[in-house]
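These notes concern the structure reproduced below.
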Amino acid sequence: MKEIALFCVSYQSDKERDVFLASINIAAKKAIDRVNVEIYVANNTIGNNPGYFGAVKRLMQAVDVKTYDYIIISNVDLIVEEDFFLKLADYTCEENTGWIAPQIWSHLEERDKNPKILNRYSLKKLNILKAFYQFPILDTIYTRTFYRQKKYESHPAGKIYAGHGSLIILTNEYFKRCGKIDFPVFLFCEEIYLAEMCQKAGLSVEYVPTIKVTDSEHASTSRMKHSFYCRCNYEAMQYIIKTFY
């Protein structure tokens, strides 16, 4: 029996949260003899909003994360496949695996959002990305031109640098070596933070596309003002560069 904890964060997304949790319950019942799933939900509000990993950190304060085989961290604008937990229970996880990145299929973009990042970014690339968010007009131009022209490339299962942050599966070994989540940034760059923590601890990130999730397209972040979105990304990039580069 695999012990699994789900930490999910909702912000003004009650409908999406309920649909997501219903899919979790269906998948858990399909694997009732294989997994035990405990669910922790953070309902962030305008007056009480510590951000994505900030909310996860709060949820984890009263939980002994090392008692679980897997900890899932997620947004709520998702639906897991009915065999999600069966496939996770069947997956043979090597001891030095820290993070399992599932298939996260976007119907809007008609592609798998994983692997998010195949190889570690150079400092030069991070500074370029930071400049895009420092000057929001650059991000707007990129999103409306080059991003839309990007061609989707599928990738085989295997080791990658970082998975997509909308649903993250961390192993027991991650928490043994890295401790609880402590990312002091409101939003964004969570993937790079976890990837760097894994690298420092000698852990791998494994892309496993047989474990599947459907993305319903950023229920919370799509409502952000673009200027706030860019400021959060800029501050996150600054933290990553200062901390890990």
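The shown structure was predicted, so the numbers you read here are calculated from the model rather than taken from an experiment.
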What is the minimum heavy-atom distance between [X] and [Y], and which atoms define it?
X: L203; Y: C178; answer: CD1-SG, 4.2 Å
X: V63; Y: L59; answer: CG2-O, 3.5 Å
X: Y174; Y: L194; answer: OH-CD2, 3.4 Å
X: P102; Y: I211; answer: CB-O, 3.1 Å
X: H155; Y: P115; answer: CD2-CD, 3.7 Å

request  = Kindly state each residue pair satisfying salt bridge (Lys or Arg N to Asp or Glu O under 4.0 Å) with at least one member in residues 201-214, sequence neighbours excluded.
outcome  = K159-E206
inquiry  = Tell me which pairs pass salt bridge (Lys or Arg N to Asp or Glu O under 4.0 Å) where either residue lies in residues 167-180, with sequence neighbours left out.
reply    = E173-R177
request  = Give a yes or no on this: more than 12 heavy atoms of other residues, nucleotides or ligands lie within 6.0 Å of atom CD of E94.
outcome  = no
ask   = Any donor-acceptor pair under 3.5 Å linking the side chain of S106 with the backbone of E109?
value = yes
Could you pull out all donor-acceptor pairs under 3.5 Å where a side-chain atom in residues 20-32 meets a protein atom, sequence neighbours excluded?
residue: S23; atom: OG; partner: F20; partner atom: O; Å: 2.6
residue: S23; atom: OG; partner: V80; partner atom: N; Å: 3.2
residue: N25; atom: ND2; partner: L21; partner atom: O; Å: 3.2

Residue pair [X] / [Y], side-chain heavy-atom distance below 4.5 Å:
X: L126; Y: M237; value: yes
X: T171; Y: Y70; value: yes
X: Y161; Y: Y121; value: no
X: W105; Y: D112; value: yes
X: D69; Y: I4; value: no
X: E190; Y: I73; value: no
X: V76; Y: Y11; value: no

Same cluster (ILVMFWY, side-chain, under 4.5 Å), [X] and [Y]:
X: I79; Y: V9; value: no
X: I117; Y: M197; value: yes
X: Y245; Y: V185; value: yes
X: L123; Y: L118; value: yes

ask   = Who pairs with E196 by salt bridge (Lys or Arg N to Asp or Glu O under 4.0 Å), at least two apart in sequence or on another chain?
value = R120
Pairwise distance [atom1]([X]) to [atom2]([Y]) - rounded to 0.5 angstrom:
X: C230; Y: F135; atom1: SG; atom2: CZ; result: 11.5 Å
X: Q238; Y: T243; atom1: CD; atom2: OG1; result: 10.5 Å
X: C93; Y: L88; atom1: SG; atom2: CG; result: 8.5 Å
X: L167; Y: L6; atom1: CG; atom2: CG; result: 7.5 Å
X: R17; Y: D77; atom1: CZ; atom2: CG; result: 13.0 Å
X: D14; Y: D18; atom1: CG; atom2: CG; result: 6.5 Å

request  = Apply side-chain contact (heavy atoms from CB on, under 4.5 Å) to E235 and L187, showing your working.
outcome  = CA-CA 9 Å; E235 291 172 356; L187 277 177; over 6 Å; no
inquiry  = One pair to check against side-chain contact (heavy atoms from CB on, under 4.5 Å): I181 and L170. What are the steps and the verdict?
reply    = CA-CA 11 Å; I181 299 295; L170 297 177; 4.1 Å; yes
message = The criterion is ring-ring contact (aromatic ring centres under 6.0 Å, His included); which residues satisfy it with Y239, sequence neighbours excluded?
response = F183
Residues forming a side chain to side chain contact (heavy atoms under 4.5 Å, CB included) with [X], sequence neighbours excluded:
X: K200; result: F244
X: S122; result: K124, K125
X: D64; result: K66, T67
X: P209; result: Q103, A157, Y207

Side-chain donor-acceptor pairs of residues 47-57 under 3.5 Å, sequence neighbours excluded:
residue: N48; atom: OD1; partner: R58; partner atom: NH1; Å: 2.8
residue: N48; atom: OD1; partner: R58; partner atom: NH2; Å: 3.4
residue: N49; atom: OD1; partner: N44; partner atom: ND2; Å: 3.0
residue: N49; atom: OD1; partner: G51; partner atom: N; Å: 3.0
residue: Y52; atom: OH; partner: N75; partner atom: N; Å: 3.4
residue: Y52; atom: OH; partner: G165; partner atom: O; Å: 2.9
residue: K57; atom: NZ; partner: D182; partner atom: OD1; Å: 2.9

Donor-acceptor pairs are to be reported for all side-chain atoms of residues 33-41 against protein atoms at under 3.5 Å, with residues two or more places apart or in another chain.
residue: R34; atom: NH1; partner: D90; partner atom: OD1; Å: 3.1
residue: R34; atom: NH2; partner: D90; partner atom: OD1; Å: 2.7
residue: N36; atom: ND2; partner: E3; partner atom: OE1; Å: 2.9
residue: E38; atom: OE1; partner: Y40; partner atom: OH; Å: 3.0
residue: E38; atom: OE1; partner: Y68; partner atom: OH; Å: 2.6
residue: Y40; atom: OH; partner: Y68; partner atom: OH; Å: 2.9

request  = Keeping to residues at least two apart or across chains, list the ring-ring contact (aromatic ring centres under 6.0 Å, His included) pairs with something in residues 73-104.
outcome  = none
